[in-house]
Amino acid sequence: MIEPLFTAYEDRASMGRALAGRVAMRMAEALETRNAAGLILSGGGTPKPLFAALKDQRIAWEKITLTLADDRWVPPDHEASNERLVRADLLHNAAQNARFISLVTDDPQAKGGEALIEDRLRAFPWPAALVLLGMGNDGHTASLFPGSAALSAALDPEGPARVRAITPGTLPKDAPYDRMSLTVSALLNSHLILLMINGDDKRATYERALAGNDQAAMPIRAILQQNRVPVEVHWAP
Ligand SMILES: O=C(O)[C@H](O)[C@@H](O)[C@H](O)[C@H](O)COP(=O)(O)O
C-alpha cells in the first residue's frame, strides 16, 4: 500500500481554494504530455468550495473531459443530481469549455443504462489524470456503499466493467436513489486520486479504514489499501 499523503486545512473554504490550484496544476501537467486529459469528479456537498474556485482556473479546459465517479439515477435537472451540481457550480467561466460525459440515461432503471454509459466512457481519455473522491461516514465512496447490491463486482480492482448500477445497501443520506457508479477498476485507471473529506466523523472513518480494522468501511479501503495509484487525503474541520 502507498501511504496516502494527508493534508489538514484551517477550514473548508481554504481547502477548496488550495485544491482548485492543485487540480489545475495536475491537469496542466497532464496536458504537457498528451493533448487530452480526463478529470473524474464526485458530487455531494464537500467539493462545492473547490468547484467555485476551479471554474476560474486558467487551464486548457477545451482539452479536458470531465465525468463523475457516480451519479444518482435521477434526471440531470433533479436537485439530487451530481450532474446538475457540476453544470451549476463548475461548467462556467473558464471551465465552460470542458467536455462532460454524463453517467445517466433516460432508461427507467440504472441497470438498463450500463451498456450505453460504458460505451460513452470509451471517449474518456483514460487513464484519468485525476480522480476526486468524497466519502461518507459509513466508508462509502463514489456510490460504492457497504452492503449494496453489485458491490463485490464493483470493488474488484481487476474487474472489466467501468460502471455498475448500484442499489445502495444503506440508506444514502439524502434519498434511496439507485446509482450509477464507476467501479474501483475504473477509479484506479488513473494517475492520482484526491480524497476530500470534512469533519471529525469522516476523519475517524478514514483513520479506521486506513488501519484496516474496520470491515464495515470496506469501499474506501479498496482505494486506500492499493499500491497502483497515489492517493492524497485532504481534510478540513
Ligand atoms: O453521489 C454522492 O453522494 C457522492 O459521490 C458521494 O460518494 C459523496 O462523495 C459522499 O457521499 C460524501 O458526500 P458529502 O460531500 O455531501 O458529505
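Just so you know, ligand 1 is whichever comes first in the structure, and atom 1 is the first atom listed for that ligand.
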Enumerated ligand 1 atoms positioned under 4.0 Å from heavy atoms of [X]:
| X | value |
| --- | --- |
| H140 | 6 (C), 7 (O), 10 (C), 11 (O) |
| G43 | 5 (O), 9 (O) |
| G134 | 9 (O) |

Q) How are the rings of Y206 and F6 set to each other: parallel, tilted or perpendicular (split at 30° and 60°)? A) parallel
Q: Can you figure out which of L144, D70, L195 has its heavy atom closest to atom 2 (C) of ligand 1?
A: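 Ranked by closest heavy atom to atom 2 (C) of ligand 1, first place is D70.
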Q) So which heavy atom on L103 is nearest to which on R120, and how close? A) N-NH1, 4.2 Å
Q: Taking all heavy atoms of A154 and all of L144, pick out the closest pair and write down the distance.
A: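 Here A154 and L144 meet closest at CB-CD2, 3.6 Å.
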Look only at interatomic distance and state if [X] has a nitrogen or oxygen under 3.5 Å from any nitrogen or oxygen of ligand 1.
| X | answer |
| --- | --- |
| K202 | yes |
| G45 | yes |
| S143 | no |

At a non-hydrogen distance cut-off of under 4.0 Å, which region of [X] contacts ligand 1 (side chain, backbone, both, or neither)?
| X | answer |
| --- | --- |
| T46 | both |
| A142 | backbone |
| M135 | backbone |
| N82 | side chain |

Q: Could you establish whether R179 and ligand 1 come within less than 4.0 Å of each other, counting only heavy atoms on the residue side?
A: yes
(Q) Under the rule for side chain to side chain donor-acceptor pair (under 3.5 Å), what residues qualify as partners of S185, not counting sequence neighbours? (A)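 Per chain and number, S185 pairs via side chain to side chain donor-acceptor pair (under 3.5 Å) with T183.
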Q.
When you compare the side chain of I220 with that of L195, does any pair of heavy atoms fall below 4.5 Å?
A. yes
Q.
Take a 6.0 Å sphere around CG of D106 and say whether it holds more than 12 heavy atoms from other residues, nucleotides or ligands.
A. no
Q: Only counting residues at least two apart or in another chain, list the ones meeting salt bridge (charged side-chain N to carboxylate O under 4.0 Å, His left out) with E207.
A: R203
Q | Stepwise salt bridge (charged side-chain N to carboxylate O under 4.0 Å, His left out) check, R228 with E158 | A | CA-CA 12 Å; R228 279 164 49 181; E158 305 305 328; 3.0 Å; yes
